Chemist: 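Sharing a structure here in C-alpha cells format.
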Amino acid sequence: MSKATQAQRVLDYIDTFGSITQLEALKDLGVMRLASRISDLKKQGYPIQSETITVQNRFEEDCYIKRYSLRGEA
C-alpha cells in the first residue's frame with residue numbers, strides 16, 4: 001500500500017469534514033503549505049473553491065483566512 005500524498009490527505013479531509021483552512025491543515029494533517037496542495041488538486045481537475053472568512057485572533061482583532069471546499073458541496 002502506498003503512502004498518501006499531502007494533496008490526497010487534504011482531499012480526504014475535505015470529503016470528510018466539508019472544508020479546510022490553513023490552521024486545520026497544519027494541526028490535523030501537518031500540511032504547512034495548504035495553498036500549494038490546493039493548487040495541485042486544481043491542476044488534477046478537482047473543482048476546489050475558496051471563500052474568505054473572518055476570524056478573530058487572540059487579541060480579538062479581525063483576520064481574514066481562506067476556507068477551501070469542493071464546488072457544490074459547501
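A quick note: this is a predicted structure, and the numbers were derived from the prediction, not measured.
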Chemist: Apart from Ile65 itself, what residues make up its hydrophobic cluster when side-chain heavy atoms of I, L, V, M, F, W and Y under 4.5 Å apart count as a link, directly or indirectly?
Modeler: Ile53, Val55
Chemist: Would you say Asp15 and Leu70 make side-chain contact, with heavy atoms under 4.5 Å?
Modeler: yes
Chemist: Between Arg37 and Asp40, is a salt bridge (charged side-chain N to carboxylate O under 4.0 Å, His left out) present by the stated rule, with each step listed?
Modeler: CA-CA 5 Å; Arg37 302 300 70 84; Asp40 294 343; 3.0 Å; yes
Chemist: Just verifying a value: how many Å separate Gln6 CD and Arg33 CZ, rounded to the nearest 0.5 Å?
Modeler: 9.5 Å
Chemist: By side chain to side chain donor-acceptor pair (under 3.5 Å), which residues pair with Gln44, not counting sequence neighbours?
Modeler: none
Chemist: Return the set of residues passing side chain to side chain donor-acceptor pair (under 3.5 Å) with Ser50 (not counting sequence neighbours), or none when no residue passes.
Modeler: none
Chemist: Kindly indicate whether the side chain of Val31, heavy atoms from C-beta on, has any atom under 4.5 Å from the side chain of Leu26.
Modeler: no
Chemist: To the closest 0.5 Å, what do you measure between OG1 (Thr21) and OH (Tyr13)?
Modeler: 7.0 Å
Chemist: Rounded to the nearest 0.5 Å, what's the gap from CG on Asp12 to CZ on Phe17? Could you check?
Modeler: 10.5 Å
Chemist: Compare every heavy atom of Ser69 with every heavy atom of Ile14, then report the nearest pair and how far apart it is.
Modeler: CG2-CA, 4.1 Å
Chemist: Scan residues 52-64 for pairs that pass salt bridge (charged side-chain N to carboxylate O under 4.0 Å, His left out), counting only residues two or more places apart or in two chains.
Modeler: none
Chemist: Please list, chain by chain and in numerical order, all residues satisfying salt bridge (Lys or Arg N to Asp or Glu O under 4.0 Å) with Arg67, sequence neighbours excluded.
Modeler: Glu24
Chemist: What's the spacing between Gln49 CD and Ser19 OG if we round to 0.5 Å?
Modeler: 10.0 Å
Chemist: Can you name the residues that form a ring-ring contact (aromatic ring centres under 6.0 Å, His included) with Tyr46, not counting sequence neighbours?
Modeler: none
Chemist: Test Ile48 against every option in Ile20, Val10, Leu41 by the side chain to side chain contact (heavy atoms under 4.5 Å, CB included) rule and name the one that passes.
Modeler: Leu41
